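This report refers to the structure that appears directly beneath it.
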Amino acid sequence: MRGSRARDARGPMFRPVSARPDFVAQEHELLREWAERKTFARLRAQNEGHPRWSFLDGPITANNPMGVHHAWGRTYKDLYQRFHAMLGEDQRYQNGFDCQGLWVEVNVEKALGFTSKRDIEAYGIAEFVRLCKQRVLTYAARQTEQSIRLGYWMDWNDPAELLRLRDLMDQDPGQQATIQGAHGPVTDTVEMLVGRLGMPEVGGSYFTFSNENNDLIWGFLAECHRRGWVYRGHDTMPWCPRCGTGLSQMEMNEGYADREDPGLTVRFPLVDRPGEALLVWTTTPWTLAANVAAAVGEDLAYARVRQGDDVFWLAKGTLKQALRGPFTVLEETTGKTLEGWRYTGPFDALPAVEAAFAEAGYEHRVVLWDQVGEAEGTGIVHVAPGCGAEDYQLGRSAGLPIFGPIDEDGRYYEGFGWLTGKEAPEAAEDVVSDLEQRGFFYHLEPYAHRYPHCWRCSTPLLFRLVDEWYISMGPVYDQPRETLTPEQVDASLRYQIMEAVDRIRWFPAFGHDREIDWLLNMRDWMISKKRYYGLALPIFDCQECGTFDVIGGREELRARAVEGWDQLEGHTPHRPHVDAVRIACPNCGAPTARIADVGNPWLDAGIVPFSTIHYREDPEYWAKWFPVDLVTESFPGQFRNWFYSMLAMSTVLRREPPFKALFGYATLYGEDGRPMHKSWGNAIEFDEAAERMGVDVIRWMYASARPEDNILFGWHAADEARRGLLVLWNVYAFFVTYARLAGWTPASGAPAVAERPPLDRWILSRAAGTVSAVEARLREFDAEGATRVLGAFIDDLSTWYLRLSRRRMSRSTGADRDAAFATLHAALAGLARTVAPILPFLSESMYGNLVAGVDPAAPESVHLSGWPAAELEPLRDEALEDAMALARRAVDLSRTVRGQAGLKARQPLARLWLALPGREVGELDALLELVRAEANVKEVALIGDESALVDRGVKVLLPKVGRRLGAKIPAVMAAAREGRFEIHQDGAVTLEGETLAADEVEVQATPRPGTAVAHDDGLVVVIDTTLTPELRAEGDARELGRAIQDLRKEAELDLDDRIELWLDGVGRELDPYLAPVVADTLADVVRRERPPEGLAEAVVRLEAGEARIAVRRAGA
RNA sequence: GGGGGAGUAGCUCAAUCGGUUAGAGCUGCGGGCUUAUAUCCCGCUGGUUCCAGGUUCGAGUCCUGGCUCCCCUACCA
């Protein structure tokens, strides 16, 4: 139990630690403890007023429970904030929820069973918007709980309070309520309280539906308008007939998918050439009702062909692909000839078509268009300016009549005869059969292509003539950026944004170029949506004189309102209340209403560097925290979404970047490399992952992932990560186990570090180096590099330090034992603090036991303990680290050599010869002793590489001499391989008559065939394979020792149980070597006789023959 | 359709300025060490470096052509 500290005369002792930890249970316990002790609040208080580190959270859409992919980003967000907190820096800790827009609307519609916008209007916009807000509160509460579970330390709202507001809103949004704010209770109507979430007086997460957020976007839009950048576009836009809204360019990219459409070839009879017709191809038959012209390429070759009784015109290059059946070419000409030819359109009789043509005084004719090609179709393009953006452009420049055939649900308008009221895409079949009956049909075959779909509801998009609102991005100059004049940049917002982009550090670095690329290519920003729940665009459009104005804030609106203010008073600035307000048109004075449109949701997220840092209410505060030090999000999509909108808005408002660094990461997939999908069985819910994997394991997986690569997330990957953490845990568990046995605590004392053996000083140096390397990596947002550094240290600690020091802790006494305990304790405590930002639970558990539990003066949480770099730095000794690396490699080589010679590691050998690379090695004697013990040899002898024990080899440094030697290279290399060379006094080498200077070759020791030798980078190890009877006997004794230990384990004896030992069939030649075995195995009594029945016993195969052994707990 | 990037062991990825025997980790198999370990160590298996040409003493690397995949971008009918 935590808190129940064992105490004896020496003070508190470590609490026992299981070697089979339940990480998940431990995490829950620590969450409770942090909550009880208010650890996070204490951390904030501890750093208050210190130098600042400003992190800005990208809002998570509060529309569903949080997924494991969100946990990836939230791991980064939390670990960098924790790291900077340990550096003592003051932070804001404000989470954000993205609240407005189609995401939420679609889900609420689904819940209500709605299928169209008419359903919403019938239901009531006010009610609908209220349900949208309630949904946001529901999932904000849910995601808050999940984030807390992840260990994410933020200034969270109490989830229960969010749900209470939701329920109060459900009863009556107008009722008064009180919530506990940051500085005391706050009372307001429920609706307004919700609108004030995240504000300074309320605290907690920010919500993009807040009054302040909406208000500041109004200010931004008004500023754009002041500069003349806001305009209304009358254009043909991609349109989702289900959602009843246009899509911006940013949204278009999400929804491309393969689709099959009817590829229809129709005939347009020529008015002035009886019996002849143009052949025209389209994949959208429903647009034929809006046909206005047929376009041909001016210089393209066209042919007049006869097929039976028919004569057709089409591009020469398309004859084979477009025509069915035999044909005869009658004539060839260029597109220019066809210009102006009149033809009969397929739906000329429809009233709407007649009216549009009559108004324009126009008849169907052939026009020239440079975009016409022959790759598909007939080389004659059906032009419907009301049904396609390019058609629209052509229509405008050629002065053609422009009319759109469909309404916002995708149904034909009045005036389209039998088509009226039909859904346009579904009408295709009827259109085809109608054309067949009326003689316009030529051919139909399915056509597969990539077609845009609504990214939200997957409905195929239509192209529809609408009014939308835009922010102009300014001209694109056809010249390199560096040659632009300041005047040119001042005239183009996109280049101003690019200047901000240049001033930001992008991780990974390609982000910079990708953002610039987007800015160069993007069109004007479409900011309107014909929907209900979202930012109310503050554009007031006078129906009398056509002037529009943009209102910059709620107060301005109040001041300028001439009617309807009372209906908005007391409400958040959402539809429908805001729709009631009228202002006086600045031009003609007429009462003017707001346009019905709501805003693009990226406006909501883009303003947060201002709204959430109180740009308007507290400029001094804002200036302290802006620009922020870091934003981080998954990068797919965000270069054109959040990153873009923040950059654009900050550039307009401040002409400076809103953040100094951006860290982006890729996409999360299932373990099988495919997107997570419930029906594919590879999806993992966050809650399930947290409770089965443990969040520290999850965080370690995420932190160690390469952020620019997609991550494959799954149970196997989690098991692998857990194995790594268990190594750390077991080192810790070992320490605690033996420290408790020995009664050692930090209060027991230990020799000064300088007095400890090199191995101790080495691991302390490694700990110090690890902290500083981790710090350097985390300062550069390189969590992956940090985990690699930590992993290497854990490996060193476990497989080298602990393995070599184990006996000092389990069997030694006095200063040597204390030095080992103190060293391992310091290494583990330092490691716990270093790993704390990444593994907040595991580190807290270790620290709580190793430090806080035994030292009342220490900070009570690892997260309050500060970054340990400065404390550990004096322990650094890089020369010792280099030397140790060499020693470890020598031991590895000795094992390789033993393997070659068939000698077990347990078999002592008389001698090991070692040739070191030329450089200086510090503390040589101590290290050689270490190698001796670890390699299990009686003596280590140093040899030079000229020793008779090894051959010498020559490595030709090709990069240096390759150019000079040229064609002689193969012969020279062969000579080097075969040992045909002469080494001169000065180090030069002659091969095949070519003399190479000393710096052009590397002379190295190589194994001589037939000896047990291994080498690596100048290091050579040779062993004496001769076994004397004494060595064999000693080896047998050690084998016996191992077998006894096995038996103890098998008999489930405690580590400190004394035993009685039976050795049957063990020869007297082993006697000189049995003393350490008896001591190690804690044997009080040794009986050289057959063991009695019923004991734990085993048969051991020794060099000297089989022996039977048995153990029994002493006194049992 | 346009632009960019990448194809190397069963999987994930290295390989300096072109340098001669293409390496790691994971997986698999064999062996070893160990009363902290679920670990670790050693070895083995595994390669047409996408394909076809070219340049060079030498090509995974450079050049040409093709194939495949990924990313960015894009309503050509």
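Given the structure is predicted, the values throughout are model-derived calculations rather than measurements. Values below: all heavy atoms of this structure, side chains included; hydrogens, waters and symmetry mates excluded. Quick note on labels: first sequence line is chain A, next is B, and so on, each numbered from 1.
- A straight line from CD1 of A:Ile1059 to C1' of B:rU35 spans 11 Å, rounded to a whole angstrom.
- Applying the salt bridge (charged side-chain N to carboxylate O under 4.0 Å, His left out) criterion to A:Arg523, with sequence neighbours excluded, gives no partner residue.
- Closest-nucleotide positions on RNA chain B for A:Arg706 and A:Asp1046 were compared, and the one nearer the 5' end corresponds to A:Arg706.
- Nearest to the side-chain atoms of A:Thr799 among the listed nucleotides B:rC40, B:rU35, B:rA14 stands B:rC40.
- Here A:Arg722 pairs with A:Asp719 in a salt bridge; the nearest charged N to carboxylate O distance falls below 4.0 Å.
- Every residue two or more places apart in sequence or in another chain that forms a salt bridge (charged side-chain N to carboxylate O under 4.0 Å, His left out) with A:Glu934 is listed here: A:Arg803, A:Arg895.
- Residue contacts shown for A:Phe735 are absent, as no nucleic acid heavy atom lies under 4.0 Å away.
- Comparing atom distances between the A:Thr282 side chain and each of B:rU35, B:rA77, B:rC40 picks out B:rA77 as nearest.
- Between A:Tyr732 and B:rA36 there is no side-chain polar atom (N or O) within less than 4.0 angstrom of OP1 or OP2.
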Base-contact (B) and sugar-phosphate-only (S) positions in nucleotides 56-63 of chain B, heavy-atom cut-off under 4.0 Å, - elsewhere: -B------
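- The pair A:Glu992-A:Lys968 does not count as a salt bridge, with every side-chain nitrogen at least 4.0 angstrom from each carboxylate oxygen.
- Base contact: A:Leu802 has a heavy atom under 4.0 Å from a base atom.
- Among the heavy atoms of the strands, none lies under 4.0 Å from A:Arg464.
- With C1' as the reference atom, B:rC67 and B:rG53 are 15 Å apart, rounded to whole Å.
- Not a single ring pair (Phe, Tyr, Trp, His ring centres under 6.0 Å) links A:Tyr801 to another residue, sequence neighbours left out.
- Figure legend. B:rG60 is base-paired to no nucleotide; pairs are counted as Watson-Crick or G-U wobble with both atom distances under 3.5 Å.
- A:Tyr801 has its OH atom 21 Å from the P atom of B:rC40, to the nearest Å.
- The ring pair (Phe, Tyr, Trp, His ring centres under 6.0 Å) test applied to A:Trp281 returns A:Tyr447, not counting sequence neighbours.
- For A:Tyr669, there are no ring pair (Phe, Tyr, Trp, His ring centres under 6.0 Å) partners two or more places apart in sequence or in a different chain.
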Each nucleotide N or O in nucleotides 70-72 of chain B that has a protein N or O under 3.5 Å away: list the pair and distance.
residue : atom : partner  : partner atom : Å
B:rC71  : O2'  : A:Arg514 : NH2          : 3.0

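- With hydrogens and angles ignored, a donor-acceptor pair under 3.5 angstrom links the side chain of A:Ser798 to the base of B:rA36.
- To the nearest angstrom, P of B:rA36 lies 19 Å from CG of A:Asn849.
- Between the CD atom of A:Glu374 and the C1' atom of B:rA77 there is a distance of 14 Å, given to the nearest Å.
- B:rU68 is paired with B:rA6 under the Watson-Crick or G-U wobble criterion, all donor-acceptor distances under 3.5 Å.
- Atom name P, nucleotides B:rC62 and B:rA24: the rounded distance is 24 Å, in whole Å.
- Taking only side-chain atoms of A:Val372, from C-beta outward, the nucleotide of B:rC40, B:rA77, B:rA38 with the closest atom is B:rA77.
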Which pairs, protein N/O on one side and nucleotides 24-33 of chain B N/O on the other, fall under 3.5 Å?
residue : atom : partner  : partner atom : Å
B:rC33  : OP1  : A:Arg906 : NH1          : 2.9
B:rC33  : OP1  : A:Arg906 : NH2          : 2.2
B:rC33  : OP2  : A:Arg906 : NH2          : 3.0
B:rC33  : O5'  : A:Arg906 : NH2          : 3.0

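- Regarding A:Asn710, its CG atom lies at a distance of 16 Å from the C1' atom of B:rC11, rounded to whole Å.
- Straight-line distance from the CG atom of A:Leu1040 to the C1' atom of B:rU34: 17 Å, rounded to whole Å.
- With sequence neighbours left out, A:Trp525 forms a ring pair (Phe, Tyr, Trp, His ring centres under 6.0 Å) with A:Tyr644.
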ring-ring contact (aromatic ring centres under 6.0 Å, His included) assessment of A:Tyr392 paired with A:Phe463: CA-CA 10 Å; A:Tyr392 180 83; A:Phe463 290 86; over 10 Å; no
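- Across the C1' atoms, B:rC71 and B:rC33 are found 48 Å apart, a figure rounded to whole Å.
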Full working for side-chain contact (heavy atoms from CB on, under 4.5 Å) between A:Trp700 and A:Leu790: CA-CA 11 Å; A:Trp700 185 259; A:Leu790 287 162; 3.9 Å; yes
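- An OP1 or OP2 oxygen of B:rA36 is reached within less than 4.0 angstrom by a side-chain nitrogen or oxygen of A:Arg806.
- For A:Arg964, the salt bridge (charged side-chain N to carboxylate O under 4.0 Å, His left out) test picks out A:Glu1000, with sequence neighbours left out.
- If you find the closest nucleotide of RNA chain B to A:Phe463 and to A:Pro21, the one lying nearer the 5' end belongs to A:Pro21.
- The side-chain contact (heavy atoms from CB on, under 4.5 Å) test applied to A:Ile794 returns A:Val727, A:Leu728, A:Leu831, not counting sequence neighbours.
- Less than 6.0 angstrom separates the ring centroid of A:Trp729 from the ring centroid of A:Phe23.
- Note: CZ (A:Phe510) to C1' (B:rA6) measures 14 Å, nearest angstrom.
- In this structure, the side-chain contact (heavy atoms from CB on, under 4.5 Å) partners of A:Pro636, at least two apart in sequence or on a different chain, are A:Ser634, A:Thr667.
- The partner of B:rU12, taking Watson-Crick or G-U wobble pairs whose two distances both stay under 3.5 Å, is B:rA24.
- Whole-Å rounding puts the A:Leu797 CG to B:rC40 P distance at 14 Å.
- Comparing the C1' positions of B:rU8 and B:rU61 gives an interatomic distance of 12 Å, to the nearest angstrom.
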